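Structure first, then comments.
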Number of protein chains: 2
Amino acid sequence: MNSFAPTEQRLAVTCRLQPAFPREPAVLVRLIKHLYKRVHDDANALLKPWGISHPEYNILMMLYGTEGYTLNPSQLAEAAGEKSANITRLADSLCEKGLIERTASDEDRRKVSLTLSRQGLAMIDDFMPAICTLLERQTAGLKPAETAQLERLLKKFLDQLERD
Amino acid sequence: MNSFAPTEQRLAVTCRLQPAFPREPAVLVRLIKHLYKRVHDDANALLKPWGISHPEYNILMMLYGTEGYTLNPSQLAEAAGEKSANITRLADSLCEKGLIERTASDEDRRKVSLTLSRQGLAMIDDFMPAICTLLERQTAGLKPAETAQLERLLKKFLDQLERD
DNA sequence: TCCATATATTTCATATATGAAATACATACA
DNA sequence: TGTATGTATTTCATATATGAAATATATGGA
């Protein structure tokens, strides 16, 4: 019996009381929320010794996965799934810690470039083993075929959410 | 091409730079985050006319799905996926709006009962059609078999996250 | 009874995130 | 050129969420 069972039970009651209430979508949405909270909390706990949060980690990793380790705030907002006002704040925090650098773009002077610093790179190398272990453990219960299937279905779900 | 493609591309780069970095778990975790943000934002936008947030909605619905429309804060924390300190705040807000009532338990005087009020019930009936429409639309891209499969896999994923 | 320990909830200071307005620059075109 | 419109980012006030400590009650022995 997992932590989701009581939630599921309550959704079943709702379906009885409200015949139009669609069980499957409601269950999926609630599962997504439970999963997100858990993943978020676990990552925050793991990263605490490095003094960064999960959203800050995501920003570092999106820069890391980019040619030249550089992105604009707006690209970062999309890649990391954050609002642009939040990117400003997170970037401020990462700058103060010396993990990224903020420079003005000269092709387009409205734009700003956020670049991983030497220290940021070093920190990624440092926490990478722990991150890899966490990620492996989080999906240890799924067979490779299941993982692939789950990825496919989640993408399809996201596609639908983003339609209009 | 959806909003997730750039993120996925960056994870692929990370896999090249860090051979130990496990692609599949990282992609799943990132997908969960993107999905959650979207679902959360959409629900907040839909509920705005009723003056409640997505977390507040979740609390109302968990009470609605319970015998006697009543739960303790700690049960609510688990059901709604919120921390208990947050339940206090959300319950305060819902009380002020007259949607729930807070009463002391007399079997165990540490406990508090949160009960859906007549007004809370009426509000649920009022927003229910819009919520049903949103939920249907969110999963319109998935076939019934896919939805069922997705539910199964997400539960398995959550089970694993909650192990240890 | 008394005490140690555990559970339920709240408080409070602080951290995190948001929308809307403000700022600055770019682009198109009359 | 001048002006309207669009895009990129930040600012700021406010909303939302958290951890850790505080409060109150319960429970199980010694």
Side-chain angles (χ1 to χ4, degrees), chain A residues 33-34 36-59 70-97 100-115, chain B residues 33-34 36-59 70-97 100-115:
Chain A
K33 171 152 188 172
H34 278 244
Y36 172 71
K37 289 268 175 189
R38 184 72 196 214
V39 160
H40 184 68
D41 288 352
D42 286 357
N44 275 325
L46 181 137
L47 292 163
K48 195 157 198 177
W50 285 274
I52 63 171
S53 67
H54 186 213
E56 288 173 332
Y57 160 84
N58 281 331
I59 287 182
T70 299
L71 285 171
N72 304 321
S74 48
Q75 296 172 305
L76 218 29
E78 162 147 84
E82 299 290 342
K83 310 285 165 74
S84 61
N86 204 25
I87 294 293
T88 299
R89 189 181 58 82
L90 292 167
D92 285 348
S93 164
L94 291 168
C95 280
E96 277 173 28
K97 293 169 191 161
I100 68 173
E101 273 149 22
R102 202 196 301 250
T103 57
S105 158
D106 32 61
E107 33 138 309
D108 183 337
R109 303 200 310 172
R110 290 169 304 181
K111 291 187 181 174
V112 164
S113 293
L114 299 171
T115 305
Chain B
K33 171 152 187 168
H34 278 246
Y36 172 70
K37 289 269 176 190
R38 183 72 196 213
V39 160
H40 183 67
D41 288 352
D42 287 357
N44 274 326
L46 181 138
L47 292 164
K48 194 156 198 177
W50 285 272
I52 63 171
S53 67
H54 186 213
E56 288 173 332
Y57 159 84
N58 281 331
I59 287 182
T70 299
L71 285 171
N72 305 321
S74 47
Q75 295 173 306
L76 218 29
E78 162 146 83
E82 300 290 341
K83 311 286 165 72
S84 60
N86 204 25
I87 294 293
T88 299
R89 189 182 58 83
L90 292 166
D92 285 348
S93 164
L94 291 168
C95 280
E96 278 174 28
K97 293 169 190 161
I100 68 173
E101 272 148 24
R102 203 193 303 246
T103 57
S105 158
D106 32 61
E107 32 136 314
D108 182 338
R109 303 200 311 173
R110 291 171 301 182
K111 290 188 180 173
V112 163
S113 293
L114 299 171
T115 306

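What's counted below: heavy atoms across the whole structure, side chains too, no hydrogens, waters or symmetry copies. Nothing here was measured: the structure is a model prediction, and the numbers come from that model. Lettering follows sequence order; numbering is per chain, from 1.
Map B:Ser53 and A:Lys48 each onto its nearest nucleotide of DNA chain D; the residue landing nearer the 5' end is B:Ser53. Between B:Asp92 and A:Arg109, the residue anchored closer to the 5' end of DNA chain C is B:Asp92, taking for each the nucleotide with the nearest heavy atom. Nearer to the 5' terminus of DNA chain C, by closest-nucleotide assignment, is the contact made by A:His40 (compared with the other of A:His40 and A:Asp108).
Here A:Ser74 does not reach the OP1 or OP2 of D:dT7: none of its side-chain N or O atoms lies under 4.0 Å away. A sub-4.0 Å separation between OP1 or OP2 of C:dT10 and a side-chain N or O of B:Arg102 is present.
Across the protein-nucleic acid pair, B:Lys83 atom NZ and D:dA20 atom P stand 11 Å apart, rounded to whole Å. The OH-P distance, from A:Tyr36 to D:dT16, rounds to 16 Å in whole Å. Per the geometry, NZ belonging to A:Lys111 stands 13 Å off P belonging to D:dT10, to the nearest Å. Atom C1' of nucleotide D:dT10 and atom CG of A:Leu90 are separated by 14 Å, given to the nearest angstrom. Atom CG in B:Asn86 sits about 15 Å away from atom P in C:dT9, given to the nearest Å. As rounded to whole Å, 13 Å separates atom P of C:dT10 from atom CZ of B:Arg89. Atoms CG (A:Asn44) and C1' (C:dT16) sit 10 Å apart, rounded to a whole Å. If you take CD of B:Glu82 and P of D:dG19, they are 12 Å apart, rounded to a whole angstrom.
Minimum interatomic distance between A:Ala91 and A:Arg102 (heavy atoms only, all atoms of both residues): C-NH2, 3.8 Å. Of all heavy-atom pairs between B:Pro55 and B:Glu82, the closest is CB-OE2, 3.8 Å.
The CG atom of A:Leu46 sits 12.5 Å away from atom CG of A:Asp41, with the distance rounded to the nearest 0.5 Å. Considering OG of A:Ser105 and CZ of A:Arg110, their distance stands at 9.5 Å, rounded to 0.5 Å.
The base of C:dT9 has none of its N or O atoms less than 3.5 Å from a complementary donor or acceptor on the side chain of B:Arg110.
Counting only distance, with no hydrogens or angles, the side chain of B:Gln75 and the backbone of B:Asn72 share a donor-acceptor pair below 3.5 Å.
Distance from the side chain of A:Ala85 is smallest to C:dG19 among C:dA17, D:dA24, C:dG19. Candidate nucleotides C:dA17, C:dT18, D:dT9 were compared by shortest atom distance to the side chain of A:Asn72, and D:dT9 ranks first. Here C:dT10 is the nucleotide among D:dT9, C:dC25, C:dT10 with the atom lying nearest to any side-chain atom of B:Pro73.
Within the 4.0 angstrom heavy-atom criterion, base atoms lie near B:Thr88. Among the atoms of the strands shown, base atoms are found under 4.0 Å from some heavy atom of B:Ser84.
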